[in-house]
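Every heavy atom of this structure was used, including side-chain atoms; hydrogens, water molecules and symmetry mates were not. Atoms within each ligand, like the ligands themselves, are counted from 1 in listed order.
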Amino acid sequence: MTDIVLVLNAGSSSIKFSMFAVAERGPALRLRYHGEVDGIGSDPRFVVADADGKRVVDQPATLRCRSARDHDAVLSVLHAWIAGHSDDLRIVALGHRVVHGGERFAAPVVVDGAILAELDKLVPLAPLHQPHNLAAIRAVSSIAPQIPQVACFDTAFHRTQSPVAQLYALPRELSATGIKRYGFHGLSYEYIASVLPGIVGDGASARVVAAHLGNGCSMCAMRDGKSVATTMGFTAVEGLPMGTRCGAIDPGVILYLLTERGMSVDDVTDVLYHRSGLFGVSGISNDMRKLLKNDSPHAAEAIDLFVYRIGRELGSLAAALGGLDVLVFTAGIGEHAAPVRARVCENAGWLGVRLDREANIGGGPRISTDDSPVSVWVIPTNEELMIAQHTLACMHAEPARG
Ligand code: ADP
């Protein structure tokens, strides 16, 4: 029998999962399987790969229904696969990525009815993600109520920021109701902060900026492994331009679209979240790989804007830190798009960044020259492992159930 920590990342149309085997001794967790059910609500497929990336399942997921209870149906498929698995897997705990922990949750928490009710209150702050995260928790509670569940929050890592860094210059009575900068991608930055000392050595406690450049993009200034400032704010649409999200925009544009262009709130939401960013500017794709291969001037301008905005935010975060010692690139674009990294580093020469071109093309991990005042690194993120570690730690901290 192998004890497993199951990690779930539940979105609107997909549920991604990872299974980590718990070592008999010691805290080590080893990835065993990962996969997803995507196409929920249309033609769902159930895909599982082993730790080497070899597909062991790829089949239609037969869902019992396709509406509000889709998460139940999807998780039943996964539960049945685990139950029937020849390796005798036993889920000892389940960790969820939950986008919003609000002001209260600064650390992962074992979920019970009262906490779920608290998390429900945060749905209006993250209406596109939080309901799906919570639906997965409820689905597991009904399918396998004996399995303890831990919620790990994308916002939690940023709760160390000073009150000023979290404040919008809005009337105090609005700020007091929770309209403030929360920041996201916290599990990714926490993972980077946790591995940085082993990679960078003493520099890990210095002034660090990490750039999480995936479909969602943000940057985080860290000192002593703690978040000091970040580019995302009240929602995950602020800050850098992303795959399809616009990033920072004059709020006046939104008012103009609503009042002068007669757009509905849904239309504007669609523009800001799904039709902007790399996709909107290029008119071609949200996929950096496609844009880098495309000769069109609009693809080039989308990349120019992306690089320009990263440079502007880097200067701003360096100002929040009072300087810069370490720069880290992570997530899909950060880990794989050498031309984007090169351009960001060249523009950051004024901050003391000296790029080692060959190391950058080779993917690092260190991509700055030996004499560069700022050391620059490519470090793959691992949010799932971070969630699994938190989940296990919460289990050890909790008194035994039952
Ligand atoms: P998510 O935020 O959904 O987890 P990822 O971290 O996987 O996304 O990042 C997706 C982005 O990474 C896409 O823009 C994709 O084009 C880009 N990407 C992945 N591999 C490469 C590559 N080899 N070269 C350039 N961009 C890449």
Item checked: Check: Pro297 main-chain N/O paired with Glu301 side-chain donor or acceptor under 3.5 Å -> no
Check: For the ring pair Tyr33 and Trp81, is the centre-to-centre distance below 6.0 Å?
Finding: yes
Checklist line | Aromatic plane relationship, His212 with Tyr189 - under 30° parallel, 30 to 60° tilted, over 60° perpendicular | finding: perpendicular
Next item on the list: Applying side chain to side chain donor-acceptor pair (under 3.5 Å), name anything that partners Gln59, two or more places apart in sequence or on another chain.
Entry: none
I'd like a table of the close N/O pairs between ligand 1 and the protein (anything under 3.5 Å), one pair per line with both atom names and the distance.
unit_1   : atom_1 : unit_2 : atom_2 : d
ligand 1 : 2 (O)  : Asn215 : N      : 2.9
ligand 1 : 3 (O)  : Asn215 : ND2    : 3.0
ligand 1 : 6 (O)  : Gly332 : N      : 2.9
ligand 1 : 8 (O)  : Asn215 : N      : 3.3
ligand 1 : 12 (O) : Ile333 : N      : 3.2
ligand 1 : 14 (O) : Met288 : N      : 3.2
ligand 1 : 16 (O) : Asp287 : OD1    : 2.4
ligand 1 : 16 (O) : Met288 : N      : 2.9
ligand 1 : 16 (O) : Arg289 : N      : 3.3

Checklist line | Pairs touching residues 353-369 that satisfy salt bridge (Lys or Arg N to Asp or Glu O under 4.0 Å), sequence neighbours left out | finding: Glu346-Arg357
Next item on the list: List for me each residue that meets ring pair (Phe, Tyr, Trp, His ring centres under 6.0 Å) alongside Phe184, sequence neighbours excluded, and say none if there are none.
Entry: His100
